[in-house]
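Quick notes on the structure that follows.
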Amino acid sequence: MSIVTFAQQKTIGQILRLDPALDNLIEKDAKIEVLGEGFVWSEGPAWVKNGGYLLFSDVPANTVYKWKEGEKITEFIKPSGYTGIMPYGDEPGSNGLIINNLGQLVSCEHGDRRISAMPLNIGGKRTLADNYMGKRFNSPNDIVQKSNGDYYFTDPPYGMPQKDKDPSRETELFGVYRIGKNGVVSLIIKDLTRPNGLAFSPDEKTLYVAQSDPDRAYLMSYPVLTDGKVGKGKILFDATPMVKEGLKGLPDGLKIDKKGNIFTTGPGGILVISPAGKLLGRIETDEATANCAFGNNGSTLYITADMYLLRLQTKTVGVGF
């Protein structure tokens, strides 16, 4: 299927309301709009404030696309995450994307097994990190930057040609790592089976990590220590029963609003969870949903769900706006 951009409104899915508090976050008549379709597996949306457009990955297509209101969806970077000899597995491209504190595009690159940064006005990537203690990463998946400049990212095996059985694996861990301002990489979480999306609470005192293990489909919560490391984690929300019900998708990308509410992809679409871990409702996309990001003035939620790029207007504001 070719890429299709929708100028007129097409909608899918529905909003499942499980708690009255959701009405403070999403209007009762809110619709999930389709902005584009025809992707292989859309991921990693990131809003570019200085330009007013959205970038997002198509991981199998090794491409970053650009969406801007009133324009067609276009290729922005190709190759996006693998520059070697093809073929390279079924997910060679970039995955999670963010715009860092300097306004650069930071990419989790599956095939090149690194975190890269690239100015948006000129181009030309540089590697921020590609190994821990000399051992190459598996396939960096998602990333977040703290206000002090430190990066935190996850490294599951999904981008490797043979996943966790790939002979080129150099580390036994599927870790969560931190890149300090001096460029030194440290391992901060080493006991998760499939770490995936991650985000900070508004005060940066808590790090949330989603685990996309169907038998342990958890949203984890970790206290952030003064040295940048994290303390003992706890399960904030267990989505495993929803997985066992047969709902599509697993905990993956997530974003936080200014009140601390968590918008995390998971079984059935996007789960909206309070800071206390209560499920308020679900943005049901009818597809396995990979990631989301706030954009525009901070109230628009962009969603990547399988072959789709989607949009939902909310009543809240994301962190960073």
Side-chain angles (χ1 to χ4, degrees), residues 39-44 56-64 78-97 107-116 127 129-144 152-177 185 187-198 209-220 239-240 242-244 246-254 264-267 287-291 304-307:
F39 310 102
V40 187
W41 178 250
S42 59
E43 249 285 9
F56 63 100
S57 300
D58 188 333
V59 189
N62 202 11
T63 303
V64 168
K78 186 173 185 176
S80 66
Y82 180 62
T83 55
I85 298 168
M86 295 295 283
Y88 182 88
D90 56 1
E91 294 190 18
S94 63
N95 194 314
L97 308 173
S107 304
C108 295
E109 300 191 13
H110 275 187
D112 285 351
R113 298 167 69 169
R114 65 173 179 166
I115 303 295
S116 70
T127 299
D130 61 9
N131 74 91
Y132 172 62
M133 298 184 69
K135 294 184 178 181
R136 295 185 72 190
F137 300 131
N138 299 306
S139 53
N141 187 284
D142 207 357
I143 189 164
V144 66
Y152 292 69
F153 68 94
T154 58
D155 187 41
Y158 296 123
M160 307 190 83
Q162 298 180 41
K163 315 304 180 191
D164 58 326
K165 304 293 193 298
D166 199 89
S168 70
R169 274 185 61 192
E170 296 185 13
T171 173
E172 296 179 358
L173 297 169
F174 303 126
V176 181
Y177 297 91
V185 178
L187 175 65
I188 63 165
I189 302 171
K190 60 183 180 180
D191 59 352
L192 295 178
T193 53
R194 292 293 186 273
N196 204 312
L198 70 178
V209 181
Q211 175 161 264
S212 52
D213 182 336
D215 296 317
R216 303 174 187 84
Y218 304 150
L219 177 64
M220 300 293 297
T240 312
M242 301 166 69
V243 176
K244 303 307 179 186
L247 294 172
K248 290 182 182 178
L250 292 164
D252 199 327
L254 62 144
T264 177
T265 57
E287 301 291 342
T289 303
N291 214 325
T304 49
D306 201 338
M307 63 180 284

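Only this structure's heavy atoms are used, side chains among them; waters, hydrogens and symmetry mates stay out. These numbers were taken from a predicted model, which means no experiment stands behind them.
To the nearest 0.5 Å, atom CG of residue N95 and atom CD of residue E43 are 4.0 Å apart. How far OG1 of T154 is from CG of L198: 5.5 Å, rounded to the nearest 0.5 Å. The structure places CD1 of I115 at 4.0 Å from CD1 of I143, a figure rounded to the nearest 0.5 Å.
Not one N or O on the side chain of N141 forms a donor-acceptor pair closer than 3.5 Å with the backbone of G96. Between the side chain of D155 and the backbone N or O of F174, no donor-acceptor pair lies under 3.5 Å. A donor-acceptor contact shorter than 3.5 Å is absent between the side chain of T264 and the backbone of L254. Counting only distance, with no hydrogens or angles, the side chain of S107 and the backbone of E109 share no donor-acceptor pair below 3.5 Å. Listed for the Y82 side chain is a donor-acceptor partner under 3.5 Å among the backbone atoms of I85. Using a distance-only test at 3.5 Å, with no hydrogens or angles considered, no donor-acceptor pair links the side chain of S116 to the main chain of T127. Side-chain N or O atoms of D166 include one that pairs as donor or acceptor with a backbone N or O of S168 at under 3.5 Å. Side-chain atoms of T265 come within 3.5 Å of backbone N or O of D252 as a donor-acceptor pair. Checking side-chain atoms of S212 against main-chain N and O of L250 turns up no donor-acceptor pair under 3.5 Å. Using modelled atom types, one side-chain atom of Q211 and one backbone atom of T193 make a donor-acceptor pair closer than 3.5 Å.
Contact between R113 and N138 at its shortest, heavy atoms only, is CG-O, 3.3 Å. Minimum interatomic distance between P195 and V176 (heavy atoms only, all atoms of both residues): CB-CG2, 3.9 Å. Listed here is the closest heavy atom pair of H110 and V59: ND1-CG1, 3.5 Å. Smallest separation of non-hydrogen atoms from P157 and S139: C-OG, 3.5 Å. The nearest pair of heavy atoms linking P251 to A239 is CG-CB, 4.3 Å. The heavy-atom pair separating N291 from G253 by the smallest distance is OD1-CA, 3.3 Å.
Contact check for N196 versus Y158: side-chain heavy atoms found under the 4.5 Å cut-off. The side-chain heavy atoms of C108 and L97, taken from C-beta on, include no pair separated by under 4.5 Å. Side-chain contact between V243 and P267 is present, with heavy atoms from C-beta onward closer than 4.5 Å. Residues S42 and D58 are not in side-chain contact: their nearest non-hydrogen atoms beyond the backbone lie 4.5 Å or more apart. Residues V185 and N131 form no side-chain contact, since every pair of their non-hydrogen atoms from C-beta on lies 4.5 Å or further apart. Side-chain contact between F137 and T171 is absent, with no heavy-atom pair separated by less than 4.5 Å. Two residues are said to be in side-chain contact when any heavy atoms from C-beta on lie closer than 4.5 Å; M160 and K165 fail this criterion. No side-chain heavy atom of I188 sits less than 4.5 Å from a side-chain heavy atom of Y177.
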**Prompt:** Can you check side chain to side chain contact (heavy atoms under 4.5 Å, CB included) on V64 and S57, steps first, answer last?
**Reply:** CA-CA 4 Å; V64 168; S57 300; 4.2 Å; yes
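Shown here is K244, whose NZ atom has more than 12 heavy atoms of other residues, nucleotides or ligands within 6.0 Å. Around CE of M86, the count of heavy atoms belonging to other residues, nucleotides or ligands within 6.0 Å exceeds 12.
Salt bridge present: D90 and K163 bring a charged side-chain N and a carboxylate O closer than 4.0 Å. Between D164 and R194 there is a salt bridge, since at least one side-chain N of the basic residue sits less than 4.0 Å from a carboxylate O of the acidic one.
Contacts of R216 classified as salt bridge (Lys or Arg N to Asp or Glu O under 4.0 Å), with partners at least two apart in sequence or in another chain: D213. Residues meeting the side-chain hydrogen bond (donor to acceptor under 3.5 Å, both in side chains) test with T289, sequence neighbours left out: T285.
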